[in-house]
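I have placed the structure first, in the form of structure tokens, so that the comments after it can refer back to it.
When a ligand or atom number is given, it counts from 1 through the structure's own listing order. Both backbone and side-chain heavy atoms feed into the values below; hydrogens, waters and symmetry mates do not.
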Amino acid sequence: LDVAIVGAGFSGLGMAIRLAREGRSFVILEKAQAVGGTWRDNRYPGAACDVPSPLYSFSFEPNPGWSRMFSPQAEILEYLERCVEKYGLAPHLRLGTEVTRAVFSSSDATWRVEVAGGEPVVARHLVLGLGPLSRPLVPEIAGLARFKGRVFHSARWPGSASLAGERVAVIGTGASAAQLVPPVAEVAARLHLFQRTPSWILPKNDRPMTAREKALFRRYPLTQRALRAFTYWTLEALGTGFTVHPVLARWVERVCRKHIAAQISDEKLRDAVTPRYRAGCKRVLLSNDFYPALARENVELVTAGIREITEDAVVGLDGIARPVDTIILATGFRATDLLTPLEILGRSGVDLNDRWRQGIEAYLGTTVSGFPNLYLLLGPNTILAHSSVVFMLEAQIDHVVGCLREAQRRRASSVEVDEVALRRWNEKLHRRLSRAVWASGCSSWYLDENGRNPTLWPGPTFEFWLRTRRFPSESYRFS
Ligand code: N01
């Protein structure tokens, strides 16, 4: 095989479509029984994209049928399933195939990809589309294991979970909680929301797409392209506050404060949901129904912190035990823990996890020295706080194809990024990140335990795109 792809989410499928067009042989190894990645896993009520739908799709595969400005999870999953069908990916898919280890063989410049309970796959190149937000973070709260009721993570929502009439605790107030709290509050008898740190929340400019708009997009695809371009440049302009200087994000705080004032009348509650850090330091959320949900009679916002969990209750640091039937962990993901539990052994047997112990890094978020013919999609420093990661992903896919083509042109069997090029890239990146709003003094999933940011891209997305336009062969070694 030319290429083995791990993961069948946006990244893996996007890569596969491109490889099919390039006429390469490839296989997609997916541990779950279905495609879709994050959009297959996050099925909690209210799950939707917080990037406007005109921009949240592959550029080559617009969807004139999105039902809303911010498409719901089920529609995005359907979109990806349609892509599998349209681009004939099914014969390349191996579902239920968990990759455990991949080893590079220097003698024949191939990757030997080991899968649980099956024959290994051997391929010249290996592309990892693992998804940065795919491993749920289960918090270490005293007593969680002894709770006798139901407990589940927001990204592992049980298909049958009806919360009607139940007493529910939700832990966390990030993007997932902001989406799931309003629908759960509507059916639960009681909902206790445990907030450690409030999020800045902007109004969500959501609405259904009209039948006329959809017809227009179908008939004149250029109109949908124009809306995509408009959405793209609007988000880029808004993103400058995060990437250029934290002070520029102050206007976001003003809009958010007005949003709080408009939606919450109780002074104490207003104060409790108002963050004390610079907007943008943690991800800014979009919601029109989160604050009204907090004001409901059956909802309590608990800011006291959690002391412990007993067999049937969550006990706050205020000493109050709140009896609950179900605990929902909206506690986020292990975003800076990119590879666990995969073992990737490169040239000279070095484990990528070990290589990254001094700091996670990759050239253009994609390639790592010492690991020839290996590519990471949505790898280090490619995630965005303000726009669509699908844009970044497509730029990365272009870069991977650049590596493959250049290797072929030079009749080389291996391509590896130069150590010095990677160092320079990373130093510049982190200098910029140290001035950005994400380093302005809060804790977030963007940062690792040393306060370093191995997650976000620190500039405008067109800059990343421009860097992948021309293949930088001077940064690579071919052999
Ligand atoms: O996770 P989060 P998320 N005790 O890490 C709290 C994407 N996403 O799943 O802030 C008590 O943001 C934690 O508190 P604190 C999007 O990129 C996209 O909500 O650490 N609380 C925080 O409030 C998003 O940013 C969509 O003090 C604990 C919450 O749990 C990313 O996923 C939709 C705790 C975790 O918030 C992650 O969002 C949803 C503890 N021990 C998500 N541990 C789209 O629409 C953690 N918390 C595309």
Task: Residue Arg283 vicinity, atoms of ligand 1 by number, heavy atom under 4.0 Å - done: 16 (C), 17 (O), 24 (C), 25 (O)

Open item on the list: With heavy-atom distances below 4.0 Å as the criterion, list the atoms of ligand 1 near Thr173.
Closed with: 22 (C), 23 (O), 29 (C)

For [atom], the protein heavy atom that lies nearest, with its residue and separation:
atom                    : value
atom 6 (C) of ligand 1  : Gly172 CA, 3.6 Å
atom 29 (C) of ligand 1 : Ala330 O, 3.3 Å
atom 21 (N) of ligand 1 : Ile171 CG2, 3.8 Å
atom 5 (O) of ligand 1  : Trp445 CD1, 3.3 Å
atom 36 (O) of ligand 1 : Gly174 CA, 3.6 Å
atom 3 (P) of ligand 1  : Ser176 OG, 3.4 Å
atom 45 (O) of ligand 1 : Ala48 O, 2.5 Å
atom 48 (C) of ligand 1 : Asp50 OD1, 3.3 Å

Does [X] have a non-hydrogen atom less than 4.0 Å from ligand 1?
X      : answer
Cys49  : yes
Tyr446 : no
Glu140 : no
Tyr44  : yes
Phe333 : yes

Heavy atom to [atom], shortest distance: which of [options] holds it?
atom                    : options                       : value
atom 27 (O) of ligand 1 : Val51, Leu180, Thr197, Thr38  : Thr197
atom 1 (O) of ligand 1  : Ser388, Gly332, Ser443        : Gly332
atom 7 (C) of ligand 1  : Leu133, Thr331, Val170        : Leu133
atom 43 (N) of ligand 1 : Lys282, Arg196, Gln179, Gln73 : Arg196
atom 8 (N) of ligand 1  : Ser199, Pro136, Ala175        : Ala175

Does the distance from a Lys or Arg side-chain N to an Asp or Glu carboxylate O, for [X] and [Y], drop under 4.0 Å?
X      : Y      : result
Arg276 : Asp271 : yes
Arg467 : Glu463 : yes
Arg218 : Glu213 : no
Lys86  : Glu61  : yes
Glu75  : Arg68  : no
Arg307 : Asp318 : no
Arg278 : Glu253 : yes
Glu85  : Arg82  : no
Arg146 : Glu308 : yes

Task: Aromatic centroids of Tyr79 and Trp66 separated by under 6.0 Å - done: yes

Open item on the list: Centroid separation under 6.0 Å, is that true for the rings of Tyr363 and Tyr375?
Closed with: no

Open item on the list: Has Asp266 got a side-chain atom pairing as donor or acceptor with Lys268's backbone, closer than 3.5 angstrom?
Closed with: yes

Task: Derivation of the salt bridge (charged side-chain N to carboxylate O under 4.0 Å, His left out) call for Lys204 and Asp50 - done: CA-CA 8 Å; Lys204 190 172 186 178; Asp50 56 9; over 6 Å; no

- [ ] Report the part of Tyr56 in contact with ligand 1, treating N, CA, C, O as backbone and CB onward as side chain, heavy atoms under 4.0 Å; options are side chain, backbone, both, neither.
- [x] neither

Open item on the list: Applying a heavy-atom cut-off of 4.0 Å, say which part of Gln195 lies close to ligand 1: side chain, backbone, both or neither.
Closed with: neither

